[in-house]
Trainee: 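Have a look at the structure that comes next, please.
Side chains included, hydrogens not; waters and symmetry mates left out as well; all remaining heavy atoms used. The first residue in the sequence is number 1, and the count goes up from there.
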Amino acid sequence: QVQPVESGGGLVQAGGSLRLSCAASGRTLSMYAVGWFRQAPGKEREFVAAVSWSGGNIYYADSVKGRFTISRDNAKNTVSLQMNSLKPEDTAVYYCAASSPLNSGSYYSDARYSYWGQGTQVTVSS
C-alpha cells in the first residue's frame, strides 16, 4: 500500500506563499488520485484540492480557487500544492491523501481516500 508523506509547511505572513509536497513510500503515487485536506483547531477536516491519477481532472474548494494550484509529477512520484495569497484563515494542518483506482465517489469527500499522511502545519500570521 502507499503511504503519503507531506512536507513544506511552516509559518508565513498573510499574502505570502508556501509550497506543500506529497511524496509516497511503498507503492508509487502515480496510480492514485490525490487529495489535500486541512483541519483547523476546533473545526472539521475540509477538502482543499484534488487531482486524478492522470492529472487530467483537478478540483478545488471555492475558498482556495484562484489562490492554490495542485499539480503532480508522476515521474518524480510527487503531488504539490502551491499556495499563494495566503490568509490567516488558511492556518491549519494540511493532509495529503491517496485514493486507490478502485475507489469511487466524490473527490471532495474524505471517504474516497484510503491512505493518509501525518499532516504538516501551515500557519499564516496577520
Side-chain angles (χ1 to χ4, degrees):
Q1 64 183 35
V2 65
Q3 177 59 55
V5 180
E6 306 94 341
S7 62
L11 173 65
V12 64
Q13 288 188 333
S17 298
L18 280 175
R19 186 177 182 88
L20 305 183
S21 291
C22 179
S25 60
R27 294 185 177 182
T28 176
L29 201 57
S30 63
M31 294 304 296
Y32 293 78
V34 173
W36 286 96
F37 291 76
R38 66 187 181 186
Q39 187 166 21
K43 295 187 177 182
E44 292 189 354
R45 186 166 59 191
E46 64 174 2
F47 170 80
V48 176
V51 60
S52 61
W53 71 270
S54 67
N57 294 296
I58 288 176
Y59 308 86
Y60 294 103
D62 287 344
S63 60
V64 306
K65 204 171 291 184
R67 300 189 297 123
F68 291 11
T69 302
I70 190 171
S71 61
R72 69 185 308 155
D73 185 338
N74 284 342
K76 295 183 178 179
N77 202 29
T78 59
V79 174
S80 298
L81 184 68
Q82 177 66 41
M83 306 186 296
N84 298 329
S85 302
L86 283 161
K87 305 174 181 179
E89 51 263 45
D90 294 318
T91 295
V93 177
Y94 283 70
Y95 297 91
C96 174
S99 170
S100 166
L102 299 179
N103 287 3
S104 60
S106 170
Y107 280 87
Y108 297 88
S109 171
D110 57 6
R112 181 190 176 105
Y113 302 87
S114 301
Y115 309 103
W116 291 81
Q118 293 298 308
T120 185
Q121 177 70 46
V122 171
T123 302
V124 184
S125 63
S126 57

Trainee: Quick check: closest heavy atoms across Gly119 and Glu6, and the distance to 0.1 Å?
Mentor: N-OE1, 2.9 Å
Trainee: Give the C-alpha distance, both sets of side-chain angles, the deciding distance and a yes or no for side-chain contact (heavy atoms from CB on, under 4.5 Å) between Val34 and Arg72.
Mentor: CA-CA 9 Å; Val34 173; Arg72 69 185 308 155; 4.2 Å; yes
Trainee: Drop me the distance from Cys22's SG to Trp36's CH2, to the nearest 0.5 angstrom.
Mentor: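 Going from SG on Cys22 over to CH2 on Trp36, the span is 5.0 Å.
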Trainee: Rounded to the nearest 0.5 Å, what separates atom CE in Met31 from atom CG in Asn74?
Mentor: 9.0 Å
Trainee: Heavy atoms, side chains only, cut-off 4.5 Å: are Leu20 and Met83 in contact?
Mentor: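 They are in side-chain contact.
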Trainee: Measure across Ser99 and Tyr113 and return the closest heavy-atom pair with its distance rounded to 0.1 Å.
Mentor: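 In terms of heavy atoms, the two residues are closest at CB-CD2, 3.6 Å.
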Trainee: Within a 6.0 Å radius of atom CH2 on Trp53, are there more than 12 heavy atoms belonging to other residues, nucleotides or ligands?
Mentor: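 Incorrect, the count does not exceed 12.
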Trainee: Hey, would you say the Tyr108 and Tyr59 ring centroids sit under 6.0 Å apart?
Mentor: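 For Tyr108 and Tyr59, the ring centres are under 6.0 Å apart.
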Trainee: Apply side-chain contact (heavy atoms from CB on, under 4.5 Å) to residues Phe47 and Arg112 and explain how you reach the verdict.
Mentor: CA-CA 11 Å; Phe47 170 80; Arg112 181 190 176 105; over 6 Å; no
Trainee: Looking at Tyr60, is its backbone amide N or carbonyl O close enough to the side chain of Tyr107 to form a donor-acceptor pair, meaning the two atoms are under 3.5 Å apart?
Mentor: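 No, because the side chain of Tyr107 does not come within donor-acceptor range (under 3.5 Å) of the backbone of Tyr60.
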Trainee: Is Tyr95 reachable from Ile58 through a run of I, L, V, M, F, W or Y residues, each pair having side-chain heavy atoms under 4.5 Å apart?
Mentor: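 They do not share one cluster, since no chain of ILVMFWY contacts under 4.5 Å joins Ile58 to Tyr95.
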Trainee: Evaluate the side-chain proximity of Val79 to Cys96: yes if any heavy-atom separation is below 4.5 Å, no if none is.
Mentor: no
Trainee: For Val64 and Arg38: C-alpha separation, side-chain torsions, deciding distance, then whether side-chain contact (heavy atoms from CB on, under 4.5 Å) applies.
Mentor: CA-CA 12 Å; Val64 306; Arg38 66 187 181 186; 4.0 Å; yes
Trainee: To the nearest 0.5 Å, what is the distance between NZ (Lys76) and OG (Ser30)?
Mentor: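 Output value for this atom pair is 15.0 Å.
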Trainee: Is the shortest distance from a Lys or Arg side-chain nitrogen in Lys87 or Asp90 to a carboxylate oxygen in the other one below 4.0 Å?
Mentor: no
Trainee: For Ala24 versus Val2, what's the shortest heavy-atom pair and its separation?
Mentor: CB-CG2, 3.4 Å
Trainee: Return the minimal non-hydrogen interatomic distance between Ala14 and Pro88, and the atom names on each side.
Mentor: CB-CD, 4.1 Å
Trainee: Would one find more than 12 heavy atoms of other residues, nucleotides or ligands at under 6.0 Å from atom CD of Gln39?
Mentor: yes
Trainee: Apply side-chain contact (heavy atoms from CB on, under 4.5 Å) to the pair Thr91 and Gln121, showing each step before the final yes or no.
Mentor: CA-CA 8 Å; Thr91 295; Gln121 177 70 46; 4.0 Å; yes
Trainee: Should the ring pair Phe68 and Tyr94 be called parallel, tilted or perpendicular, given that the plane angle runs from 0 to 90° and is split at 30 and 60?
Mentor: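 Tilted, since the angle between the ring planes falls between 30° and 60°.
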Trainee: Got a second to check how far Ser80's OG is from Asp73's CG, nearest 0.5 Å?
Mentor: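 So the gap between those two atoms works out to 8.0 Å.
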Trainee: Checking the side chain of Gln3 only, and the main-chain atoms of Trp116 only, is there a donor and an acceptor separated by less than 3.5 Å?
Mentor: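 At least one qualifying donor-acceptor pair exists.
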Trainee: Please confirm whether the backbone N or O of Asn57 pairs with a side-chain atom of Ser52, one donor and one acceptor, at under 3.5 Å?
Mentor: yes
Trainee: For Ala49 and Leu81, work out which heavy atoms get closest and say how close.
Mentor: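 Closest approach of Ala49 to Leu81, heavy atoms only: CB-CD1, 4.1 Å.
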Trainee: Could you state the interatomic distance from CD1 (Ile70) to CD (Gln82), rounded to the nearest 0.5 Å?
Mentor: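 These two atoms lie 12.0 Å from each other.
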Trainee: Which distance, rounded to the nearest 0.5 Å, do you find between the OG1 of Thr28 and the CG of Asn77?
Mentor: 3.5 Å
Trainee: What heavy-atom pair brings Arg45 and Phe37 nearest, and what distance separates the two atoms?
Mentor: CG-CB, 3.8 Å
